[in-house]
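One structure below.
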Protein chains: 2
Amino acid sequence: MARPRIKDVARHAGVSEKTVSNVINDYAHVSDRTRTVVRASIEQLGYRVNLAGRHLRKGRTGIIALVVPELDIPYFAELARHVIREAEKCSLTVLIHQSGADRAHELAALAGFGSTFVDGIILSPLALTADDLRDRAGFPPTVLLGELLEEGADHVAIDNERAAREATRHLISLGRRTVLAVGGIDAPGLGTAEARTRGYRAALAEAGIAHDPAALVPVDSFRMPAGARAVARVLRDGVRFDALLCLNDQLALGALRTLYEHGVRVPEDVAVIGFDDVEGGRFSVPTLSTVAPDKAAVAKVAVQLLRRRIEEATDPDGAEPDSTNPDGGDPEGARDGADPDAGRDGVVDGAGPGVQSPQDRIVAHRLVLRESTEGHEGR
Amino acid sequence: MARPRIKDVARHAGVSEKTVSNVINDYAHVSDRTRTVVRASIEQLGYRVNLAGRHLRKGRTGIIALVVPELDIPYFAELARHVIREAEKCSLTVLIHQSGADRAHELAALAGFGSTFVDGIILSPLALTADDLRDRAGFPPTVLLGELLEEGADHVAIDNERAAREATRHLISLGRRTVLAVGGIDAPGLGTAEARTRGYRAALAEAGIAHDPAALVPVDSFRMPAGARAVARVLRDGVRFDALLCLNDQLALGALRTLYEHGVRVPEDVAVIGFDDVEGGRFSVPTLSTVAPDKAAVAKVAVQLLRRRIEEATDPDGAEPDSTNPDGGDPEGARDGADPDAGRDGVVDGAGPGVQSPQDRIVAHRLVLRESTEGHEGR
DNA sequence: GCTTGTTTTTACATCGATGTACATTGGCTG
DNA sequence: CAGCCAATGTACATCGATGTAAAAACAAGC
């Protein structure tokens, strides 16, 4: 027997289709009696609303896409988990896509997967360029995670440059003088790796340590095997170093393993810091010092921001005069970026009144110190 | 400017809406000239089909749901990655849900998320009971991952009982006599943990080792902290043991950490085996021996099976006479379960001709031996 | 040129839910 | 009890794409 339609419920309850619809949507002016009867019929027939019809009519699906490079990099998995939880709170469903750090995939994601059925997109880009983000009229609202790629896009991130500077500073304060940056990249680019490398170099400069180009250890991915290989290569090449700043925890965990295999003691011989604070680093041997971004806050801010954009896009007449408290509660974890008045130049961009200028939201991070820098204390 | 509709393309190209639709859907009888003109218009206007309309008309969305307990348990993340890849091949989109091992969430997932817009569901259940799976008429086709919960449902899994038996046997063959099962549960249930525990006990029995109920170490989750706590508890209680069979790698990694903290040598004092073969276990100190399920095969078989079910459900008249080669290529990794004729009792269940009886697909696994059982060789 | 048969194209109804605009009901006031 | 307002309920059009059936265009054969 086919799934019941709203029509069937209406017949069963002896009311019109619209009334059933009203009950489903919690429309105010429905008598309690009618509501009860309709509810009972819905229950009895096992009716469930058909999203296709609703979407067609309403123009919204309630689905947002989260696009990450690889789902099995724990940082992204943990982030996804938070995003899903957060989205659930506003009854949004999350569709996860893997871009494989592939520009084509990321572009496809930006385009809304060749069709139209996500209300918005949260994208953690690796291979996109600023150009790709221009001229997004007609595409779903998008919030970027990670470093700012282009001035015109909303984005949410920790202050990667500062975080890397703090981490490197800490290594230096421990007396380390030759800090390698695993995954570091010396480019003017705007990506996360670039920002972290800048912070790293800034800290070295501060301490009056000359920068050695060989201190940037390239990697071909941001996973454990790459970290392990990179450190193996460095060791084989006879490079001397007493600290590693690994641009994420996966690289760091791979590095730890290689150091162990080569009998290099951590942190006595080499101190190691990673980024992301994934669970694996809290249980590794030795445990891993790391820069911990407030992932829950990243997810929260991203989802909320996207939600507001979606609302603006759907109904662009929203008055939005009360700029004091944008979305009723935007508590812990997030503070606005350097530019407190949110609008660039204090001027709202050309478009309609409802369209706000892009926002850069900086989320908190903290340096978590564990055995890989501080040593094995409690034993 | 609003996104163009098929109507706009039709007007622009000077043809009817249906002709545009025909071009989009590669309908055979469209003249080359018309096709070219329409394609050009589509390109020019930047038209993209609206999924809502198509779905409404066609009754399919091309979206399948993958429901896992927690996305940030690496096994599920890795599995999700494979499922997404596999689904992509048949141009299906995957929607991921986290159940949080919560029965209510799992039930909601089974119901198609209270609405209807997934064509099918791949569910990795933790808290469901057989009853929940009965009477699924009118719900989307569902494939279960992990142990068989109910006779009537399709499912894909490794032979968990055998795998656990093999792993335990190996520990015994290394001379270990007191093997604890971390996460083991002594229940008649049908879940994965139950099956693995059965295999564990079978191996002990085989070797003539008496079963000690205290050898089953309970956990409150299947993550590293739980594994670490469980082992800490056992050590504190003064239980003596020389091997740990951890029911997944996360527990094992947590266990390794605690053993390390207590100065227990692995594998000299205690050998450790996990399940799942996650990346973290290949880089831990020591590296982790594990039961490696063929995740790619699990994903492949699950997606293909689901796809077939969806087709059956959509168009139940499919002849399906050629049972020799069900779906044109079902290559590596999967072999049918104990019952080679696929149908239970060789009899097709009551329903229509197109509906096939449930399938149990057993996927290959292998025991991967690393340092945590074999010792540190290459050093 | 006209019939016949085949492509190609079109008009229209349809999928399911909901917004609009109007009809109805009931309750309350004077 | 008439009159009015608000609360409820209904009929119908609509969202966008596509299946159906039939019309229009075209080709071939006599």
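Model, not experiment: these values are computed from the prediction. Residue numbers start from 1 in every chain, and the chains themselves are labelled A, B, ... in the order their sequence lines are given, proteins ahead of strands.
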Is there a donor and acceptor pair, one atom on the side chain of A:Lys18 and one on the base of C:dG19, closer than 3.5 Å? yes
By nearest-nucleotide position on DNA chain C, the 5'-leaning member of B:Ala28 and A:Asn25 is B:Ala28
Toward the 5' end of DNA chain C, by each residue's nearest nucleotide, A:Arg54 or B:Val30: B:Val30
Using a heavy-atom cut-off of 4.0 Å across all strands, would you classify A:Val20 as base, sugar-phosphate, or nothing? nothing
Could you tell me whether B:Thr19 contacts a base, only the sugar-phosphate backbone, or nothing, with contacts defined as non-hydrogen atoms closer than 4.0 Å? base
Rounded to the nearest 0.5 Å, the CG atom of B:Leu66 sits from the CD1 atom of A:Ile96 at a distance of 9.0 Å
Is there a side-chain contact between B:Ile6 and B:Ile24 in this structure, where contact means two heavy atoms from C-beta onward sitting under 4.5 Å apart? yes
Just by distance, do the side chain of B:Gln98 and the backbone of B:Leu71 share a donor-acceptor pair under 3.5 Å? yes
Looking at A:Ser99 and A:Pro69, what are the two nearest heavy atoms and their distance? OG-CA, 3.3 Å
B:Ser31 side chain N/O closer than 4.0 Å to the phosphate oxygens (OP1, OP2) of C:dT9? yes
Taken to the nearest whole Å, CG/A:Asn22 to C1'/C:dG19 is 10 Å
Going 5' to 3' along DNA chain D, which are the first and last nucleotides with any atom under 4.0 Å from a heavy atom of chain B? D:dG16 to D:dT20
